[in-house]
Undergrad: 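Handing you this structure, nothing more for now.
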Amino acid sequence: MENTTQIKPSKCIKDFSYEELKSFIQEIGEPAYRADQIYTDIYSNRRNSFDEFKTIPLNLRNKLSEEFILNSITNHHAQYSSDGTIKFLFDYANGSSVESVMIPKSDEEYEDTMKRMTLCVSSQVGCALDCSFCATGKLKFTRNLTAGEIIDQVLNVERISNIKISNIVFMGMGEPLMNLDNVLKAIDILTNQKAMIISRKRITISTSGIIPKMNELAEVKPPIKLAVSLHATTQDLRKEIMPIAQKWDLSSLRAACENYYRKTKIPVTFEYILFDGINNTDYDANRLAKFVRAFPSKINIIQFHDISFTNPVPQKVDLSPASMEQIDKFVDKLRSLGVNAFLRTSSGFDIDAACGQLAFSKKNDETDNGKSGLIK
Ligand code: SF4
């Protein structure tokens, strides 16, 4: 008996670069300009289904529906903070979930007056690196996201919120340099002139310090801004709170950052979470100043979001948030040492704001805290 079960497509059309889409279109006997029309409908017109691709003939629309899914995200959940931050939990068709966080910014170091709306995107489902201060690390690594799944975080946030994203940071779930090919492909598509979603200058990749991949990224043209999660000024402490430091120490990290600046001429941003009594002494400030002053750079001092809800196994180093008074003092000390230091007041403290918290809550089937809402 003939099996009439319809096989659902699993490949997302946004996984295709413009050139790949053009090749596919030509392979199936269609003229190359159809790729331009399809790209326009996906990225400029933001169509929600292939049926809405009105410039495309019906037989090609049917072919696209048979071969591809248009939106890799099947469901979402959103939490709204009183400070304007919106945190999204996105589900993909295969059951994986990741977070994206939209953060309104009025950063003091930016001279332009353009209102910034930064989207923090995820690059992996979970993360293998297990930094002790991070809820995502407690979820463990499941898989890399595809380029289309990364792009869909941006497009779905803009669709749901009706707000244009001005900046993207790869600082959500996962280590982007462990999924560099897909991250770079997503960036190439998002910045493609035919897609016109965002300027390359407004994208930052953040890493915990994967040295060989930092060196690889330094060769990418046009270059992309790099942020490095530092969080400790001694090798001993960094090894304790960031296991990746056991593989690559602070001096090799500094050399890779120096190389990045030399190759790209873009100052490196350092991220430094301040923990009470752990990394906030004057000695730390002095060591930090020495580390970051070796080449043009700036440093963001960040408040810690407590992750005790993950019930982490007891660590040698007990991490708790530094007070605002301690944070201000530390920033002042760095500035007095000539460092370009900025305070990042943490966004969304009144929602599940720690990176990985929503996904962790979902995985553990915790009850809703009443501030969230399904808004699809
Ligand atoms: S901080 Fe980043 S690299 Fe470390 S566990 Fe979390 S997601 Fe992974």
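Counting starts at 1 for both ligands and their atoms, in listed order.
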Undergrad: For Cys127, take its heavy atoms, then give the atoms of ligand 1 lying under 4.0 Å from any of them.
TA: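 Every atom of ligand 1 under 4.0 Å from some heavy atom of Cys127: 3 (S), 5 (S), 7 (S), 8 (Fe).
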Undergrad: Is ligand 1 under 4.0 Å from a heavy atom in the side chain of Cys131, in the backbone, in both, or in neither?
TA: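 Contact part for Cys131 vs ligand 1: both backbone and side chain.
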Undergrad: Show the atoms of ligand 1 that are less than 4.0 angstrom away from any heavy atom in Asp130.
TA: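 Here the atoms of ligand 1 in question are 5 (S).
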Undergrad: For Glu175 and Ser123: C-alpha separation, side-chain torsions, deciding distance, then whether side chain to side chain donor-acceptor pair (under 3.5 Å) applies.
TA: CA-CA 7 Å; Glu175 164 54 66; Ser123 54; over 6 Å; no
Undergrad: Residues in salt bridge (Lys or Arg N to Asp or Glu O under 4.0 Å) with Glu52, at least two apart?
TA: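 By the salt bridge (Lys or Arg N to Asp or Glu O under 4.0 Å) rule, Glu52 matches no residue at all.
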Undergrad: List in chain and number order the residues that pass side chain to side chain contact (heavy atoms under 4.5 Å, CB included) with Gln235, two or more places apart in sequence or in another chain; answer none if no residue qualifies.
TA: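 Gln235: side chain to side chain contact (heavy atoms under 4.5 Å, CB included) contacts with Lys239, Ala245, Asp249, Leu250.
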Undergrad: Considering residues, nucleotides and ligands other than Glu219, do more than 12 of their heavy atoms fall under 6.0 Å from its CD?
TA: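 Yes, the 6.0 Å shell around CD holds more than 12 heavy atoms from other groups.
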Undergrad: Taking the minimum heavy-atom distance to atom 2 (Fe) of ligand 1, which of Ser229, Gly174, Ser132, Ser208 ranks first?
TA: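 Heavy atom nearest to atom 2 (Fe) of ligand 1 belongs to Gly174.
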Undergrad: Taking only Lys NZ, Arg NE, NH1 and NH2, and the carboxylate oxygens of Asp or Glu, determine whether Lys164 and Glu158 approach each other closer than 4.0 Å.
TA: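 Between Glu158 and Lys164 there is a salt bridge, with a charged N closer than 4.0 Å to a carboxylate O.
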Undergrad: Just which atoms of ligand 1 are under 4.0 Å from any heavy atom in Gly137?
TA: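 Going through ligand 1 atom by atom, the ones under 4.0 Å from Gly137 are 5 (S).
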Undergrad: Measuring to atom 8 (Fe) of ligand 1, does Cys134 have an N/O/S atom at a distance below 2.8 Å?
TA: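 So Cys134 does not bind atom 8 (Fe) of ligand 1 by this criterion.
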Undergrad: What do we get for Ile244 next to ligand 1 when only non-hydrogen atoms under 4.0 Å count, side chain, backbone, both or neither?
TA: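 The answer is neither; Ile244 stays 4.0 Å or more away.
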Undergrad: Nearest 0.5 angstrom please: Phe68 CZ to Lys63 NZ, how far?
TA: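 It comes to 8.5 Å.
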